[in-house]
Amino acid sequence: MKIAVIGASGFVGLRLVERLHLEGRAEVVPVVHAFRSLAVLARFDLPWRVADPANVAALTAALQGCDAVVHAALGDAKQIVTMAAALYPAAAQAGVKRIVALSSAAVHSLTPAPGTTDSTPPLLKQKSEYNTAKARAETILSAARKNGRVELVQLRPGIVHGPRSRLVADVAGQLRDGTAWLVDDGAGICNAIAVDNLIDAIWLALMTPEADGEVFLLNDRETITWRDFYAAIAGAAGTDLRDVHAVTPPVFRSSPSARLARLAATDFAMSLMPVIPARIKRIAKAAAAAWPANHPPDNWRLPDAARPAVHEEMCELQSCRWRFPIAKAERVLGYHPALTFDAAMQRTGAWLRFAGVVRA
Amino acid sequence: MTHFPNMPEPVPVIVSGCGAITKFFYASALAFLEEKRVVRVAAVCDPHEPNRAGIAARFPHAKSVARFEDVPFASDSLVVVASPPRLHATQSIFALEKGCGVLCEKPMAASLADAEAMADAANRTGRPLAVGLYRRFFRATRVIKEICTHGTLGQPVSFEVEEGGAFRWEAASDSFFRREATPGGVLYDTGVHTLDLLLWWFGEPSRLDYRDDAAGGQEANCTLELGYTPGFTGRVRLSRDWATRNTFRLNFTRGSIAWNVGQAGQLTLSLDGVTTVLRGDVLPRHDDGLTLLGHSAGEGSPQAFIHQLINLADAIRGRAALAIPAAEGLRSLRLIEACYRERRAMDQPWLSPAETAGLARLQRRTAA
């Protein structure tokens, strides 16, 4: 079986290529957007292809001869939507039989309502552009499946962790620097899934005929709180949670430039852009950038100890009170997470030392 | 302040290869030196028309040609060979035999044998052949060289080097990542600079232990442990996979030096008996032996490229010895080839048993 992996240089895509190739499960065709993205993939002698995943013609050429495709490409909000729009027609024209697309549990927002399941529709209006885009992408693909013949499985993983996880590396760095923080003492639910469990689910999604047309929420088998998650990273990094800051979520206000950028990204504003003179656009950008975000620093003080940088998105994630169910994935895919959370974190710790994120 | 030699006529320059290194480094350095009448770009050459046009636009008086054979070579020209590594030997030897001086971008060649043929050609023709190991022109690396040479901080005890990060270079094709076109990965690329500095400062190691993660392709991560006859050791970790500290830490009997590779003119010093560390700019001395703050501007990578070109222009005119002659370029290539000969697999303990078995199988196949 020949499987194309779009976004093969990203966190999940790269791990999928490694697993499929090293375990000899399938012929892998990595697809990346730019030549520079081959740097880590080039450890293997693979028939990679370079194509813009938002360009139907380029993507069709890249998928030629493949039986299935896994879409794991990352992008900003706009790219997420344009890539989803290109994926189905390209796969159809290339003769691909099945698409497995990585969506995200964030389609239900970062603080999902209790009772949310796989059958809950994605939230198409969210505060986060990224989450909204993931929801839109899922909807675009589901609609395409209704009118097309290429089989489609969409996966909604939660917080993916493991080797090469940016989140894990960042938390390890914050724990080392004394800037790590937890909301509500870390009592919120972390819908964690080990990348290797996700890879197993992707494999099942590729191989299970009954999965066509379905979406699946995916988690590890254990219920993990954010405190558990940080404690496991601390353990892997050889430290502990003693210096973690307790945080009460502040009221977040966007800067004028961020508000302007958000406004400019709306469909309505985009439609107006061509008729707004360039000079006006430049003046508006400069004014927003020049707006003082904070008061100038006061020199009459001693240097502060390292302080946590509290982000709105992470505050919301840590405020989650709902564990996504995986009953449907268990029933239809036969997904039973092979790797326990502890075993997965041991692997992650080994990688943190390999990558020099923490000292061996 | 840099002194610009009084040259009767600017040295004509031919640029072979108009890819990223020329676009982001050589073009600006050459434009500055044209303004100072040290050089004049006579021709730019690249088979890829858009790349060539971009550079030619900056030097409208220069001839723009697609084929290296069509370049109008004049003896005593300076040829910048910034083409893909597999072309370095052919183009450098051709230019030397035309009576030109050559600045060959690193890595010096696609193989040690090619590099040796280039050095032979330089000896045979008597023309200067320099290798683009520009970090040797950094003020910080030159200070470290002096400290090593004069034993200012005592004898070396150990060193630890981490260099690299997620690969961001705008490669124009995948040839950079194909083994048949480019024989190595991060060691062959970033490692050329790293090993060149270590060889310059500490000489040849007496033993090495090299490991990488290649499995049928090019390594993205590697580690190298080096031992030296006086009894000190060093460890190098290179990556094009994940961010490193990009730092050289060198320990001597009377203190330590930390140098960040992105800071061409800054060092951090830890001296025995001093409870704090000193971090600051490396500046030239003045008559009273000290430089007042703000008296002299710092230098970075752009200045190193400019100094490198000035040195070669001077060498072509017979006014200076080459700072980095071919023989120096050969040293890091020899060490890299020795590393690849001694290659062992890096431990990747997060892989499953099935993956580890598959990895070993691929690595055995590659070695065979």
Side-chain angles (χ1 to χ4, degrees), chain A residues 9-11 14-15 17-25 30 32 34-50 161-166 168-170 172-173 194-197 199-200 236 338-339 343-357 359-360, chain B residues 20 160 162-180 182 184-186 189 212-223 235 237-247 346-363 365-366:
Chain A
S9 63
F11 166 38
L14 184 58
R15 188 74 189 111
V17 171
E18 282 178 338
R19 288 274 306 269
L20 294 179
H21 184 54
L22 292 176
E23 293 175 3
R25 290 197 202 190
V32 295
F35 292 113
R36 66 173 180 274
S37 301
L38 294 169
V40 182
L41 286 163
R43 287 173 299 149
F44 308 120
D45 182 17
L46 290 171
W48 56 62
R49 295 168 190 179
V50 179
H161 59 93
R164 292 195 184 86
S165 155
R166 168 55 59 194
V168 169
D170 285 350
V195 68
D196 283 331
N197 286 335
I199 302 304
D200 289 343
L339 210 52
M345 277 295 175
Q346 276 177 18
R347 287 189 183 182
T348 303
W351 171 78
L352 286 169
R353 288 183 286 281
F354 173 91
V357 178
R359 293 290 180 180
Chain B
E160 193 173 344
E162 282 183 40
E163 196 173 351
F167 191 88
R168 308 227 183 270
W169 191 253
E170 284 297 341
S173 77
D174 70 352
S175 68
F176 200 67
F177 304 107
R178 290 204 177 278
R179 275 188 96 192
E180 59 272 25
T182 307
V186 69
D189 176 23
D212 71 31
D213 63 353
Q218 297 175 344
E219 73 283 357
N221 294 281
C222 69
T223 59
R235 184 177 161 79
R237 190 169 71 80
L238 303 172
S239 179
R240 49 168 62 158
D241 177 4
W242 200 261
T244 69
R245 290 169 181 80
N246 276 315
T247 300
M346 269 178 115
D347 277 345
Q348 297 175 61
W350 66 90
L351 300 181
S352 68
E355 285 179 281
T356 304
L359 187 67
R361 204 166 41 247
L362 288 173
Q363 285 167 335
R365 198 186 303 162
T366 309

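Because the structure is a prediction, the values reported are computed rather than measured. Below, chain A is the first sequence line, B the second, and so on; all start at residue 1.
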With a 4.5 angstrom heavy-atom cut-off, which part of [X] approaches chain B: side chain, backbone, both or neither?
{"X": "A:R25", "value": "neither"}
{"X": "A:V357", "value": "both"}
{"X": "A:A34", "value": "neither"}
{"X": "A:Q346", "value": "neither"}
{"X": "A:R15", "value": "side chain"}

*Working to the nearest 0.5 Å, report the span between CD of B:E170 and CZ of A:F35.*
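Here the interatomic distance stands at 11.0 Å.
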Of the backbone (N, CA, C, O) and the side chain (C-beta and beyond), which part of [X] lies under 4.5 Å from a heavy atom of chain A, both, or neither?
{"X": "B:D174", "value": "both"}
{"X": "B:S352", "value": "both"}
{"X": "B:W242", "value": "side chain"}
{"X": "B:R237", "value": "side chain"}
{"X": "B:L362", "value": "side chain"}
{"X": "B:R361", "value": "side chain"}
{"X": "B:D347", "value": "backbone"}
{"X": "B:Q218", "value": "both"}
{"X": "B:A243", "value": "backbone"}

*Looking at B:E219, B:R168, B:R178, which makes the most heavy-atom pairs under 4.5 Å with chain A?*
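Among the listed options, the one with the most contacts to chain A is B:R178.
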_Partner chain A: residue of B:A171, B:S173, B:P349 with the largest heavy-atom pair count (under 4.5 Å)_ =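 Greatest number of close heavy-atom pairs with chain A: B:S173.
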_Those residues that, when tested against B:F176, pass ring pair (Phe, Tyr, Trp, His ring centres under 6.0 Å) (two or more places apart)_ =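 With sequence neighbours excluded, B:F176 shows a ring pair (Phe, Tyr, Trp, His ring centres under 6.0 Å) to B:F167, given in chain and number order.
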*Check whether any side-chain heavy atom of B:D241 sits under 4.5 Å from a side-chain heavy atom of A:R43, and report yes or no.*
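Not in contact.
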*Check for a donor-acceptor pair, side chain of A:R19 on one end and backbone N or O of B:L351 on the other, with a separation under 3.5 Å.*
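Checked: no pair found.
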_Charged N-O contact under 4.0 Å between B:E355 and A:R347_ =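 Salt bridge between B:E355 and A:R347, a charged N being under 4.0 Å from a carboxylate O: no.
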*Evaluate the criterion side-chain contact (heavy atoms from CB on, under 4.5 Å) for residue pair A:R353 and B:W350; output intermediate values, then yes/no.*
CA-CA 10 Å; A:R353 288 183 286 281; B:W350 66 90; over 6 Å; no
Nearest non-hydrogen partners of [X] and [Y], listed with the distance:
{"X": "A:D45", "Y": "B:G216", "answer": "CB-O, 3.4 Å"}
{"X": "B:A220", "Y": "A:A39", "answer": "CB-O, 4.0 Å"}
{"X": "A:L38", "Y": "B:F177", "answer": "CB-CD1, 3.7 Å"}

